[in-house]
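Presented below is the structure to which this report refers.
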Amino acid sequence: MDTGILILRLLVGLLVAAHGVQKVSSHLGGRGIEGGTAEFRADGFRGGVFTALAAGGGQIGSGVLLAAGFLTPLGTAGTVGVMTVALTVKRHNGLWVQNDGYEYPLVLIVAAVALTATGPGACSLDALLGLTPYPLWWTALVLLVGVGSGLLARLVLHRDPVAARPAGRR
């Protein structure tokens with residue numbers, strides 16, 4: 001069981017971190033901070049560079065924490081937060097990823113929450129430092145904090161699409 005948890009933790013954590021690297025650099029197929037900024041602006045977010053840096057940094061940080069199995073609930077909450085924002089952006093496209101839907105962010109959210117419920121496993125920094133097991137109620141807290149922070153970020157940073165249109169086109 002610990003081997004399976006390790007594989008899942010590494011896959012989810014490293015994918016989330018790599019996704020963040022793409023937002024802020026030209027590594028791993030990213031388009032640099034300018035590309036990350038343009039992506040967020042195209043999705044209706046204000047803040048430009050700050051938004052791209054915050055999202056990229058959040059993804060890198062939470063992904064590394066998950067991959068290492070260090071402070072797993074914190075890494076999970078961060079992952080759930082940034083992927084909640086992604087899910088809300090893609091929601092209007094439906095579920096399936098081939099239509100640019102929210103399938104992928106949803107899978108990452110559920111996998112991260114499952115890692116909180118199971119714990120990071122024996123091959124983790126949390127286990128090495130004696131921080132485990134985390135009580136099961138942490139799972140609900142992580143889900144609440146993660147989804148809540150993602151929705152708050154969306155509310156604060158996303159422009160009202162109707163208000164953003166030029167007058168006369170509403």
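As the structure is a prediction and not an experimental result, all values here were calculated from the model.
- Following chains of ILVMFWY side-chain contacts shorter than 4.5 Å, one cannot reach L151 starting from L144, and the two form parts of different hydrophobic clusters.
- Residues satisfying the ring-ring contact (aromatic ring centres under 6.0 Å, His included) test with F40, not counting sequence neighbours, are F45.
- Annotation: ring-ring contact (aromatic ring centres under 6.0 Å, His included) contacts of Y134 (sequence neighbours excluded): W138.
- Using a 4.5 Å cut-off between side-chain heavy atoms of Ile, Leu, Val, Met, Phe, Trp and Tyr, with links allowed through other members, M1 and V12 fall into the same hydrophobic cluster.
- Residues I33 and F50 do not share a hydrophobic cluster, defined by chaining ILVMFWY side chains whose heavy atoms lie under 4.5 Å apart.
- Under the side-chain contact (heavy atoms from CB on, under 4.5 Å) criterion, V110 pairs with L106, not counting sequence neighbours.
- Contact record, V85 with T88: O-OG1, 2.7 Å, taken as the closest heavy-atom pair.
- Side-chain atoms of T116 and T76 include a donor-acceptor pair closer than 3.5 Å.
- Nearest heavy-atom pair, G36 versus A52, reported as atom, atom and distance to 0.1 Å: C-CB, 3.8 Å.
- Counting only heavy atoms from C-beta outward, the side chains of L6 and D2 never approach each other to under 4.5 Å.
- Side-chain contact check for N93 versus Y102: every heavy-atom pair is 4.5 Å or farther apart.
- Atom CG of L66 is separated from atom OG of S124 by 11.0 Å, given to the nearest 0.5 angstrom.
- Nearest heavy-atom pair, A55 versus V82, reported as atom, atom and distance to 0.1 Å: O-CG1, 4.3 Å.
- T72 places none of its side-chain heavy atoms less than 4.5 Å from the side chain of L65.
- T84 contributes atom OG1, which lies 8.0 Å from atom CG of L143 (distance to the nearest 0.5 angstrom).
- Between T139 and the options V113, L115, T118, a side chain to side chain contact (heavy atoms under 4.5 Å, CB included) holds for only V113.
- Cluster annotation: V24 is connected to V49 through the hydrophobic network of ILVMFWY side chains, with a link wherever side-chain heavy atoms come within less than 4.5 Å.
- Under the rule for a salt bridge (Lys or Arg N to Asp or Glu O under 4.0 Å), D43 has no partner lying at least two apart in sequence or in another chain.
- Among all heavy-atom pairs drawn from P120 and G69, the shortest one is CB-CA, 4.1 Å.
- With rounding to the nearest 0.5 angstrom, the NE2 atom of H92 is 11.0 Å from the CG atom of N99.
- Counting heavy atoms from C-beta on, the side chains of L131 and L71 come closer than 4.5 Å.
- Separation of atoms CG (L136) and CG (L141) is listed at 12.0 Å; rounding is to 0.5 Å.
- Using a 4.5 Å cut-off between side-chain heavy atoms of Ile, Leu, Val, Met, Phe, Trp and Tyr, with links allowed through other members, V147 and V156 fall into different hydrophobic clusters.
- Listed by first and then second residue, the side-chain hydrogen bond (donor to acceptor under 3.5 Å, both in side chains) pairs involving residues 49-70 are S62-T79 (not counting sequence neighbours).
- Screening residues 6-31 for side-chain hydrogen bond (donor to acceptor under 3.5 Å, both in side chains) gives H19-K23, K23-E39 as the qualifying pairs, with residues at least two apart or on separate chains.
- No side-chain donor from either of T132 and D126 sits under 3.5 Å from a side-chain acceptor of the other.
- A heavy-atom distance below 4.5 Å is found between the side chains of L15 and Y104.
- Closest non-hydrogen pair, I5 versus G121, comes out as CG2-N, 3.9 Å.
- Residues V89 and R154 approach most closely at N-NH1, 3.1 Å, considering heavy atoms.
- Within the model, atoms CZ of F70 and CG of L129 stand 6.0 Å from one another, a figure rounded to the nearest 0.5 Å.
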